[in-house]
There are 2 protein chains.
Amino acid sequence: MTESRPTVVPGQRSTRQRAAIGDLLDQLDDFRSAQDIHEELRRRGEGIGLTTVYRTLQALADAGEIDVLRTSAGEASYRRCSDTHHHHLVCRVCRRTVEVEGPAVEHWAEKVAVEHGFAQIDHTVEIIGTCSGCRS
Amino acid sequence: MTESRPTVVPGQRSTRQRAAIGDLLDQLDDFRSAQDIHEELRRRGEGIGLTTVYRTLQALADAGEIDVLRTSAGEASYRRCSDTHHHHLVCRVCRRTVEVEGPAVEHWAEKVAVEHGFAQIDHTVEIIGTCSGCRS
DNA sequence: TCCCATACTGACACCGGGTGTCGATAAGGT
DNA sequence: ACCTTATCGACACCCGGTGTCAGTATGGGA
Ligand SMILES: [Mn+2]
Ligand SMILES: [Mn+2]
Ligand SMILES: [Zn+2]
Ligand SMILES: [Zn+2]
């Protein structure tokens, strides 16, 4: 179902821009918007267009290589995560992110949906709070 | 914590436009965007501006009178729900919505967050699938 | 019933995240 | 090297939503 990280799709070319985005995502640990990432790359001297960043992040998300989260303002943010199914615990102040698992939740969602006659069930679960460091 | 439905806030005036939106929300049973609601009101002959619909829905949401859901496209959609804490099971085709409860999920979210040192914990849980009627 | 301060309305300009276009560029197979 | 074509990125554009502000209407008081 899930494919390993360095997937090489035929017809896909490896460019300097994509490498730069991939490298940056490896270094970051929290969710960042396309503009954040573009800004950071420019700061580091990478010549790259905002459109390219938008498109590349979206492609990575479509390929399942990175996770997408919508901020309350509706802005998309991205993060390189582990391959296994999980959810996120995010600090509303510093955006520190922890991957969490919850088999009980998975089962509950499935059960509730089936009981109501639903199929092809999907779900979103996100926990937001203020981390210990941000409460000083 | 939660206040009952017909809250009268001092300084708040009851207008024809707000009444129309409130009435429509009572009749609808699924999540609708501001533009959906505006369109439906115009179809019914209500003279009302789109800006007013946007603002009123947002105010109702802020007051906790209606629930907000963000579509995958980032668009906000609204629905009048029950007063108790619940989550939603939504059909991705017809948008049919079922309110569901899950005490186990509430506890799990709280526990996981506390274990990682988080406070002021909030969470979002939504289940999406295809309802029986939409599988014919 | 009339008055009036002011909450509300809504047309319009504007904002900002994101997408379509398309000529220029550069992978990478041969 | 050469050539096909995926990719880039400046730019125009889309669209949901917000700020502005002159005009309107509510509702508490006289
Ligand atoms: Mn899950
Ligand atoms: Mn809950
Ligand atoms: Zn924090
Ligand atoms: Zn359905």
Side-chain angles (χ1 to χ4, degrees), chain A residues 6-25 30-63 65-79 95, chain B residues 6-25 30-63 65-79 95:
Chain A
T7 306
V8 177
V9 180
Q12 288 265 329
R13 294 174 184 177
S14 82
T15 68
R16 172 180 57 79
Q17 291 89 339
R18 283 179 192 173
I21 292 175
D23 288 352
L24 181 54
L25 285 171
D30 46 2
F31 281 89
R32 299 294 183 93
S33 71
Q35 303 207 20
D36 282 346
I37 288 170
H38 178 246
E39 207 172 318
E40 180 61 29
L41 288 173
R42 304 292 288 224
R43 181 170 13 250
R44 298 186 182 191
E46 280 292 336
I48 188 169
L50 180 54
T51 308
T52 300
V53 176
Y54 273 123
R55 300 249 151 86
T56 302
L57 288 172
Q58 196 155 314
L60 286 171
D62 287 347
E65 302 239 347
I66 60 179
D67 283 9
V68 196
L69 222 58
R70 288 257 167 196
T71 68
S72 54
E75 191 176 10
S77 53
Y78 304 88
R79 177 180 188 268
R95 301 195 173 281
Chain B
T7 306
V8 178
V9 180
Q12 288 265 331
R13 294 175 185 177
S14 80
T15 68
R16 171 179 58 79
Q17 291 87 340
R18 283 179 192 173
I21 292 175
D23 287 351
L24 181 54
L25 286 171
D30 46 2
F31 281 89
R32 299 293 184 94
S33 72
Q35 303 207 22
D36 282 346
I37 288 171
H38 178 246
E39 207 172 317
E40 180 61 27
L41 288 172
R42 303 292 290 223
R43 182 172 10 249
R44 298 187 181 191
E46 280 292 336
I48 188 169
L50 180 55
T51 309
T52 300
V53 175
Y54 274 123
R55 300 248 152 84
T56 303
L57 289 172
Q58 195 154 316
L60 286 171
D62 288 347
E65 303 238 348
I66 59 179
D67 282 10
V68 196
L69 221 59
R70 289 259 168 195
T71 68
S72 54
E75 190 176 10
S77 52
Y78 304 88
R79 177 180 189 268
R95 300 196 174 282

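As a basis for the values below, the full set of heavy atoms in this structure was taken, side chains included, without hydrogen atoms, waters or symmetry mates. Proteins come first, then strands; the chains are lettered A, B, ... in the order of their sequence lines, and each starts at number 1.
- Among the protein residues, A:T51 comes within range of the nucleic acid bases, having at least one heavy atom under 4.0 Å from a base atom.
- The separation between B:Y54 atom OH and C:dC15 atom C1' is 13 Å, rounded to whole Å.
- Of the side-chain N and O atoms in A:Q17, one or more sit less than 4.0 angstrom from OP1 or OP2 of D:dG9.
- For CZ of B:R95, the number of neighbouring non-hydrogen atoms (other residues, nucleotides, ligands) closer than 6.0 Å is 12 at most.
- In this structure, B:T52 does not reach the C:dC8 phosphate: none of its side-chain N or O atoms is under 4.0 Å from OP1 or OP2.
- In summary, A:R44 and A:E40 engage in a salt bridge, as defined by a charged side-chain N under 4.0 Å from a carboxylate O.
- As judged by a 4.0 angstrom heavy-atom cut-off over every strand, B:L50 is placed among residues making no nucleic acid contact.
- The phosphate of C:dT9 (OP1 or OP2) has a side-chain N or O of B:T15 nearer than 4.0 angstrom.
- Among B:V68, B:L25, B:D62, B:T52, the single residue meeting the side chain to side chain contact (heavy atoms under 4.5 Å, CB included) criterion with B:L57 is B:L25.
- Looking at A:Y54 and A:Q35, their side chains do bring a donor and an acceptor atom within 3.5 Å of each other.
- Rounded to whole Å, the distance from CZ on A:R55 to C1' on C:dC22 is 11 Å.
- Put simply, CG on B:L57 is 13 Å from C1' on D:dG16, counting in whole angstrom units.
- Using modelled atom types, no side-chain atom of B:R79 and backbone atom of B:R32 make a donor-acceptor pair closer than 3.5 Å.
- For B:Q12, whose side chain is taken as the heavy atoms from C-beta onward, the closest listed nucleotide among C:dC8, C:dG10, D:dT7 is C:dC8.
- One finds a side-chain N or O of B:R18 lying less than 4.0 angstrom from the OP1 or OP2 phosphate oxygen of C:dT9.
- Judged purely by atom type and a 3.5 angstrom limit, A:R16 uses its side chain to pair as donor or acceptor with the backbone of A:G47.
- In this entry the distance linking CZ of A:R32 with P of C:dG17 reads 16 Å, nearest Å.
- Residue side chain A:R13 reaches the base of D:dT5 through a donor-acceptor N/O pair under 3.5 Å, judged by distance alone.
- For B:I48 and C:dC8, the CD1 to P distance is 14 Å, given to the nearest whole Å.
- Distance, B:D36 CG to D:dC15 C1': 14 Å, rounded to whole Å.
- One interatomic measurement links the two molecules: NE2 of A:H38 to C1' of D:dA10, which rounds to 11 Å at whole-angstrom precision.
- Residue A:Y78 contributes atom OH, which lies 12 Å from atom P of C:dG17 at whole-angstrom precision.
- A:A73 comes within 4.0 angstrom of no nucleic acid atom, judged by non-hydrogen atoms across all strands.
- Regarding contacts with the backbone of C:dG17, a side-chain N or O of A:Q35 is found under 4.0 angstrom from either OP1 or OP2.
- Taking only side-chain nitrogens and oxygens, A:S14 comes nearer than 4.0 Å to OP1 or OP2 of C:dG28.
- Donor-acceptor pairing under 3.5 Å, judged by distance alone, is absent between the side chain of B:R70 and the base of D:dG16.
- Residue A:S33 places none of its side-chain N or O atoms closer than 4.0 Å to OP1 or OP2 of C:dG17.
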